[in-house]
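Report on one structure; see the data block that follows.
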Amino acid sequence: VQGVRNTFATLAATIGTNAVDALQELRTATRGFVADSDLMQAGNKFLAMGLAQNSEEMSKLAEISTQLGMAMGEGPTESMENFALLLANESIPRLDSFGISSAVVRARVAELTTGVDKMDKSAAFMQATMEQAELTMAKVGEQSGTAGGALASLGATMQNITQSAGRGFLPVFSNVMGTIADIAQKL
């Protein structure tokens with residue numbers, strides 16, 4: 001978690017924000033369904049892979065992926081990972097797992113890449129996917145009022161509490177590990 005947290009702070013700085021504000025935006029976007037460490041890990045992917053250029057885009061990707069993933073029966077954390085991979089790989093077959101019509105996205109990509117203002121295929125895929133994701137979100141509705149949403153929120157809260165307690169022990173653990181490493185090297 002410490003490495004994920006450090007990377008998140010570094011990447012947040014590259015988009016002109018701080019990690020605390022970016023994490024809060026992600027918490028709000030995901031309705032508290034996802035533990036902080038998983039939010040930062042997903043945010044790292046969205047930013048490092050160039051899928052998001054700012055904290056608003058990162059939060060939008062987190063919202064879409066968790067809402068559609070949960071509506072289609074997938075956990076919110078897994079859905080962020082899968083959505084990042086779907087976008088990074090421009091995977092039309094994976095769109096259906098989020099309730100997004102691959103046929104409509106394929107047709108929209110063709111339209112965007114052959115129009116007067118020809119877009120490159122990657123930009124067209126992103127735009128078409130996000131357009132269809134918004135439409136699908138409107139169809140499936142909000143997921144926070146579901147039993148799955150309540151369970152996800154409880155799980156995220158418990159994981160955050162556990163990790164907060166672990167961070168408190170980190171300095172002690174680091175000292176013990178340093179001592180053990182010194183002894184092991186001497187042996």
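In the hydrophobic clustering of this structure, Val105 groups with Val140; members are Ile, Leu, Val, Met, Phe, Trp, Tyr whose side-chain heavy atoms approach within less than 4.5 Å, directly or through other members. Note on Ile92 and Ile100: same hydrophobic cluster, where clusters join Ile, Leu, Val, Met, Phe, Trp and Tyr whose side-chain heavy atoms are under 4.5 Å apart, directly or indirectly. Grouping the Ile, Leu, Val, Met, Phe, Trp and Tyr side chains by contacts below 4.5 angstrom, directly or via other members, places Val4 with Val34. Linking Ile, Leu, Val, Met, Phe, Trp and Tyr whenever their side-chain heavy atoms come within less than 4.5 Å puts Phe8 and Leu11 in one cluster. The hydrophobic clustering, which links ILVMFWY residues whose side-chain heavy atoms are closer than 4.5 Å, places Met58 and Leu51 together.
Screening residues 105-119 for salt bridge (charged side-chain N to carboxylate O under 4.0 Å, His left out), with sequence neighbours left out, gives Arg108-Glu111, Arg108-Glu131. Applying the salt bridge (charged side-chain N to carboxylate O under 4.0 Å, His left out) definition to pairs two or more places apart or across chains, those involving residues 41-55 are Lys45-Glu81.
Atom CG of Asn6 sits about 10.0 Å away from atom CG of Asn44, to the nearest 0.5 Å. Taking OG1 from Thr129 and CG from Leu86, the interatomic distance works out to 6.5 Å, rounded to the nearest 0.5 Å. Here the straight-line distance linking atom CD of Gln24 with atom OG of Ser59 works out to 10.0 Å at 0.5 Å rounding. Note that the CZ atom of Phe83 and the CG atom of Leu95 stand 8.0 Å from one another [nearest 0.5 Å]. Within the model, atoms CG of Asp36 and OG1 of Thr30 stand 9.0 Å from one another, a figure rounded to the nearest 0.5 Å. Between the OG1 atom in Thr136 and the CD atom in Gln67 there is a gap of 12.5 Å [rounded to 0.5 Å].
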Give the table of side-chain donor-acceptor pairs shorter than 3.5 Å for residues 69-78, with sequence neighbours excluded, one pair per line with atom names and distance.
residue	atom	partner	partner atom	Å
Glu74	OE2	Ser79	N	3.0
Glu74	OE2	Asn82	ND2	2.6

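Within the 3.5 Å criterion, the main-chain N or O of Val20 finds a donor-acceptor partner in the side chain of Asn18. The backbone N or O of Gly99 lies less than 3.5 Å from no partner atom in the side chain of Asp96, so there is not a single donor-acceptor pair.
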Run the side-chain contact (heavy atoms from CB on, under 4.5 Å) check on Thr14 and Leu47 step by step: do they pass? CA-CA 9 Å; Thr14 67; Leu47 293 172; 5.6 Å; no

Given Glu57 and Leu61, is the side-chain contact (heavy atoms from CB on, under 4.5 Å) satisfied, shown in steps? CA-CA 6 Å; Glu57 289 178 3; Leu61 291 173; 5.5 Å; no

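Judged as a side chain to side chain contact (heavy atoms under 4.5 Å, CB included), and not counting sequence neighbours, the contacts of Glu90 are Lys121, Ser122, Phe125. Residues forming a side-chain hydrogen bond (donor to acceptor under 3.5 Å, both in side chains) with Ser101 (at least two apart in sequence, or on another chain): none.
Gln53 has its side chain out of reach of Ile15: every pair of non-hydrogen atoms, C-beta onward, lies at least 4.5 Å apart. Put simply, the side chain of Lys60 does not reach to within 4.5 Å of the side chain of Phe46, judged on heavy atoms. The side-chain heavy atoms of Arg31 and Glu63, taken from C-beta on, include a pair separated by under 4.5 Å.
Side-chain contacts under 4.5 Å among hydrophobic residues (ILVMFWY), followed directly or transitively, place Leu85 with no other residue at all.
Residues Ala128 and Leu112 come closest through the heavy atom pair N-CD1, 4.3 Å. Taking both residues in full, the closest heavy atoms of Ala124 and Thr113 are given as CB-CG2, 3.7 Å, listed atom of the first, atom of the second, then distance.
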